[in-house]
Structure formats: C-alpha cells, structure tokens
Protein chains: 2
Amino acid sequence: MIYKTVIVDDHPIVISGISGLLSDLENIKIVEKFGSGIALLDYIEDNTVDLILMDVFLPIINGVDLCKTIKQKHPKIVIIGMSSQSERSLVMQFIQNGGNGYILKNASFDEFKNCIYKAIAGEIVFSEEVKTIISQPLSEELERIPALSRRERDIALLLSQGKSTQEIADDLFLSFLTVQTHRRNILQKYKMKNVAELIAFLLKNNMLN
Amino acid sequence: MIYKTVIVDDHPIVISGISGLLSDLENIKIVEKFGSGIALLDYIEDNTVDLILMDVFLPIINGVDLCKTIKQKHPKIVIIGMSSQSERSLVMQFIQNGGNGYILKNASFDEFKNCIYKAIAGEIVFSEEVKTIISQPLSEELERIPALSRRERDIALLLSQGKSTQEIADDLFLSFLTVQTHRRNILQKYKMKNVAELIAFLLKNNMLN
DNA sequence: CTGCTTTTACCTGATATCAGGTAATAAAAA
DNA sequence: TTTTTATTACCTGATATCAGGTAAAAGCAG
C-alpha cells in the first residue's frame with residue numbers, strides 16, 4: 001500500500017526538506033503541500049489522504065485545533081505534529097486532540113523515518129527530545145512554579161512599569177497598605193529578595209502578559 | 001567564481017531544505033553543514049568559506065554572538081541569519097554585529113535565492129517579512145537605545161539577580177558609593193524611575209546576557 | 001456548611017533607594 | 001593633543017522598600 005501524504009508548514013524550506021527526506025521512503029507519496037490549515041481542510045474534503053505531517057505553529061489555525069477538526073471527520077488519517085521548540089503541555093494537548101505523534105524539527109533523518117513508519121503502523125510516536133520532554137512530569141511538577149493571582153499579576157505588571165507602591169494603589173483604587181501586602185506576598189511566594197529580581201524572574205518565565 | 005557555502009542549523013530538515021534550494025544555484029556550492037556554532041568555528045579556521053547561512057537560535061552559542069566572533073576574524077565571509085520568528089531588535093542586533101542579511105524561514109524560494117545573490121554581491125538583504133518588521137520603528141524605538149557600558153552591564157546583571165547596592169559593591173570590589181553612582185547613571189540614561197522598570201526594559205531589549 | 005485562598009487593610013521599624021550635588025583619574029575617541 | 005566618555009568616589013536628605021506581625025471580608029471548592 002502507498003500512503004498518500006500531505007505536508008503542512010508555513011516554511012517553504014521545511015516543506016522542501018521533508019519532501020526530500022520522504023522521497024527515500026518507498027510507500028510514502030507526497031500528494032500535496034500546504035502553507036496553512038485552511039487549504040488543507042478544503043483539500044481533504046475532496047481527496048483521499050492517509051498521512052499528514054503538520055507544523056503545530058501555523059498562521060490562522062493552530063495545529064492542535066486543526067488536528068482536532070480533521071480527526072472528527074477523518075479519524076483514520078494519521079497526523080504527526082512538528083515544531084521547533086515545544087513544551088510538555090503542548091505535546092500532550094496535541095495527542096489528546098487525536099495526534100498520532102510529535103516530532104521536534106531538530107530530530108535526525110532516521111528519527112523522522114522511524115517515527116513515520118511506526119505511526120502508520122498504528123503507534124503513537126515521539127522523537128527522542130520529545131520523549132525527554134514528556135517523561136519529566138514529576139520533577140517539573142515538583143518544581144512547579146506557583147501562579148500569580150489576578151491581583152498579584154496586576155500589581156506585578158505595574159511594578160514592571162516602574163510604578164511605586166503609592167502609584168499602584170492610586171491606579172487600582174486600593175490602599176497603600178494593601179498594595180504593600182500584595183508586594184510582600186509576591187516576594188515571599190517566589191522567594192525573591194526585591195522587585196528587581198522578581199521582575200527578572202517573571203519576565204524570564206513569561207508570567208507577565 | 002564559486003562561493004563555498006556553509007549551513008548552520010540545528011534542524012536537519014531545514015538543512016536538507018536549504019541544500020535542495022541552493023543546489024539550483026550555479027555558483028553556490030555547499031561545502032559543509034553544521035548543527036551548532038562550535039563545529040563551525042573550528043571549521044573556518046582551517047578551510048575557506050565565502051558564505052554562511054545560519055539559524056539565529058542555536059544551542060550553546062546564539063547566532064548574534066557567533067556572527068560577531070566570525071566577522072572579527074573573517075570579515076570577508078558573507079553571513080546571512082535566519083529564524084522562524086523575529087523581532088526588530090534581534091534583526092538589528094544581528095546586522096550590527098556584522099550580519100549581511102536576515103531571512104525569515106517562511107520566505108519563498110525566490111526570496112531566498114534573491115537574497116543570497118544580492119548578499120554575495122555586497123548588499124545587506126532582508127526577506128519581505130523582515131522588511132516589514134524593521135520598517136516599523138515605533139516612536140519609542142526611533143530614539144536609538146544607548147548601550148550599557150561594561151561596568152553598567154555588570155551592575156545591571158547583579159541588580160536583576162536581586163542584589164542590593166552593598167552586595168554588588170562587595171561582589172565587584174567597589175565602594176558602595178561607586179555602585180550608587182552607576183545605578184543613578186543607568187537610570188538616568190534610560191529615563192527609568194527605578195530598578196524594576198529598568199530590569200524589565202533591559203530584559204525586553206535583550207540587553208542582559 | 002466549612003475550610004481554603006484571595007483580597008483587602010493596618011502598624012512599626014530598620015534598611016535601601018533615589019535624586020541632588022561634586023570631582024579625580026583613566027581610557028578612548030576626535 | 002584635546003576632548004569626551006567611563007570608572008571611580010564622596011556627601012546629604014527625602015522617600016520607598018522590606019520584613020515582621022495581625023486580621024477581617026469575600027469568593028470558591030469540597
């Protein structure tokens with residue numbers, strides 16, 4: 001059997017790279033290439049597709065939603081997600097929405113080939129680095145960073161804009177002393193010595209905005 | 001003349017894609033491919049290279065620093081940066097460190113080819129989307145950002161780690177009062193109200209590390 | 001309904017920051 | 001060589017932060 005394969009990626013070079021890679025594989029035939037999910041959704045309505053390799057970060061529709069939409073109507077199509085960087089939660093979300101595998105783009109050619117073969121054989125596949133990402137749920141959850149509450153986030157944001165306690169109190173219609181308490185709570189929560197360290201920490205962890 | 005070209009990218013598929021693309025170009029010959037900057041630095045010491053296409057987000061050494069290092073010893077090598085997403089400041093930083101161009105990976109094949117040809121002809125080149133990114137200098141960004149001096153950077157870094165003036169003075173073997181002066185100078189230079197705003201500003205503009 | 005978290009608020013005191021000034025020496029650029 | 005910038009250092013005073021404690025009201029979840 002020959003697997004009719006579609007590639008979806010908004011980077012022409014990546015499409016070209018994968019095409020080259022897959023041309024080695026006997027029973028894989030690339031029937032179409034797309035730069036976004038919309039075109040793909042149209043295509044699969046009128047054409048037979050067995051395998052889809054898709055970038056998860058796509059314009060307009062993201063890969064997770066795209067995967068879900070496709071699987072609802074065409075559960076037999078094997079879908080493998082790809083991205084340059086990733087996080088545990090994103091990979092899990094992709095699989096939970098019906099994805100048959102996830103490959104990081106820094107994977108070697110052999111990894112790519114193995115994953116694709118295993119996926120069409122019915123397995124859920126991950127490239128090596130993805131495996132290490134998802135197999136560290138314990139240590140990550142142990143060092144899980146507590147979240148900022150809504151109010152704390154408001155205050156942290158204003159702090160990052162250089163506002164003083166009094167200015168923040170005025171902005172949020174709070175007492176000076178309330179803001180002071182929030183400040184102290186935030187610093188204690190993350191064990192930070194002062195606002196400078198706190199802001200650096202929050203920005204580096206994308207916890208503002 | 002044939003241009004000896006090296007590709008640096010930690011994504012095998014991207015390397016493969018660019019290889020395919022460049023194989024069409026008559027006077028471009030790919031002599032080597034690397035997954036990180038370290039291997040490249042070794043290579044150029046012993047071999048002639050005319051053109052380097054590099055991913056800006058690389059493991060261990062980032063593209064900006066890599067470009068700078070290479071250009072210091074080999075100013076004639078044409079270096080083009082690439083990435084999937086980018087910001088104005090990063091592109092500018094890359095060019096300021098000697099880069100001859102910047103291409104977003106979602107560029108079309110034609111864009112890639114044109115940029116490469118123009119770059120080896122001596123131009124500074126940008127792919128279409130990069131042009132739109134850099135041609136929007138917001139009123140804030142219009143005023144070019146003055147650089148931190150070495151000492152100021154040291155102090156700003158320690159501030160971002162939550163150190164107090166006294167601790168910084170001890171760390172750098174300076175007087176408390178000297179550190180205080182530096183702090184004031186930095187705040188004045190960027191017109192910031194306090195360290196929190198300063199750290200946020202510096203981090204957002206990638207001016208620490 | 002009953003805990004748990006969040007948000008609000010107050011008091012005090014030690015310490016740090018910020019803003020204003022000045023100025024000598026060294027290094028780099030013009 | 002002259003000028004500018006960087007780095008070093010000191011003084012003072014007003015204001016802000018940080019750390020300790022306490023506590024009530026509101027909202028949410030078990």
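Proteins come first, then strands; the chains are lettered A, B, ... in the order of their sequence lines, and each starts at number 1.
B:Arg183 places its CZ atom 15 Å from the P atom of C:dG20, with the value rounded to the nearest Å. Spacing between atom CD1 of A:Ile186 and atom P of C:dT6 amounts to 12 Å, rounded to whole angstrom units. Spacing between atom CG of A:Leu187 and atom P of C:dT15 amounts to 18 Å, rounded to whole angstrom units. For the pair A:Tyr190 OH and D:dC18 P, the interatomic distance rounds to 16 Å; values are reported in whole Å. Here the P atom of nucleotide D:dT22 and the CG atom of A:Leu177 are 17 Å apart, to the nearest Å. Look at CG on B:Asn185: it is 14 Å from P on C:dT22, rounded to the nearest Å. In this structure, the CG atom of A:Leu158 is 13 Å from the P atom of D:dT17, given to the nearest Å. A straight line from CG of B:Leu148 to P of D:dT5 spans 16 Å, rounded to a whole angstrom.
Closest to the B:Leu174 side chain, of the nucleotides C:dA9, D:dT8, D:dC18, is D:dT8. Side-chain atoms of A:Glu152 lie closest to C:dT7 of the nucleotides C:dT12, C:dT7, D:dA16. The side chain of A:Ser175 sits closest to C:dA9 out of D:dC18, C:dA9, D:dA9. Here D:dG20 is the nucleotide among D:dA6, D:dG20, C:dT17 with the atom lying nearest to any side-chain atom of A:Gln188.
Taking only side-chain nitrogens and oxygens, A:Thr165 comes nearer than 4.0 Å to OP1 or OP2 of D:dT17. For C:dT8, one of the phosphate oxygens OP1 or OP2 lies less than 4.0 angstrom from a side-chain nitrogen or oxygen of A:His182. Here A:Ser164 does not reach the OP1 or OP2 of D:dT17: none of its side-chain N or O atoms lies under 4.0 Å away. Taking only side-chain nitrogens and oxygens, A:Arg184 never comes nearer than 4.0 Å to OP1 or OP2 of D:dG20. For the pair B:Arg150 and D:dT7, the criterion of a side-chain N or O lying under 4.0 Å from OP1 or OP2 is not met.
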Practice task
Report the C-alpha distance between A:Leu104 and A:Ser83 in whole Å, list the side-chain angles of each, state the deciding distance to 0.1 Å, and finish with yes or no for side-chain contact (heavy atoms from CB on, under 4.5 Å).
Solution key: CA-CA 5 Å; A:Leu104 272 196; A:Ser83 63; 3.9 Å; yes
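Although no hydrogens or angles enter the test, the distance criterion places no donor-acceptor pair under 3.5 Å between the side chain of A:Asn205 and the main chain of A:Met207. The backbone N or O of A:Thr165 lies less than 3.5 Å from no partner atom in the side chain of A:Gln180, so there is not a single donor-acceptor pair. A:Glu152 contributes no side-chain N or O that, together with a main-chain N or O of A:Leu148, makes up a donor-acceptor pair within less than 3.5 Å. Within the 3.5 Å criterion, the main-chain N or O of A:Ile80 finds no donor-acceptor partner in the side chain of A:Asn100.
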Cut-off 3.5 Å, no hydrogens considered: what does the side-chain donor-acceptor table look like for residues 44-62 of chain B, sequence neighbours left out?
residue : atom : partner  : partner atom : Å
B:Glu45 : OE2  : B:His74  : NE2          : 3.4
B:Asn47 : ND2  : B:Tyr43  : O            : 2.9
B:Asp50 : OD2  : B:Lys4   : N            : 2.7
B:Asp55 : OD1  : B:Phe57  : N            : 3.1
B:Asp55 : OD2  : B:Lys105 : NZ           : 3.2
B:Asn62 : OD1  : B:Val64  : N            : 2.9
B:Asn62 : OD1  : B:Asp65  : N            : 2.9
B:Asn62 : ND2  : B:Asp65  : OD2          : 3.1

Check residues 113-120 of chain B and write down every donor-acceptor pair under 3.5 Å in which the side-chain atom is one partner and the other belongs to a residue at least two apart or another chain.
residue  : atom : partner  : partner atom : Å
B:Lys113 : NZ   : B:Asp24  : OD2          : 3.4
B:Asn114 : ND2  : B:Asp110 : O            : 3.3
B:Tyr117 : OH   : B:Asn27  : OD1          : 3.4

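A:Gln166 comes within contact range of no nucleotide atom at all, as no heavy-atom separation falls under 4.0 Å. Using a 4.0 Å heavy-atom cutoff across all strands shown, B:Arg151 reaches sugar-phosphate atoms only and no base atom. Looking at heavy-atom distances under 4.0 Å, A:Thr178 makes contact with a base.
Position along DNA chain D of the nearest nucleotide to B:Ser149 versus A:Lys163 favours B:Ser149 as the more 5'-ward residue.
Direction of the helix axis in the helix from C:dC1-D:dG30 to C:dA30-D:dT1 shifts by 70° between the two five-pair termini, rounded to 10°.
Counting distance only, with no hydrogens placed and no angle test, the side-chain atoms of B:Thr181 and the base atoms of D:dC10 include a donor-acceptor pair under 3.5 Å.
Classified by interplanar angle (parallel below 30°, tilted 30° to 60°, perpendicular above 60°), the ring pair B:Phe94/B:Tyr102 is perpendicular.
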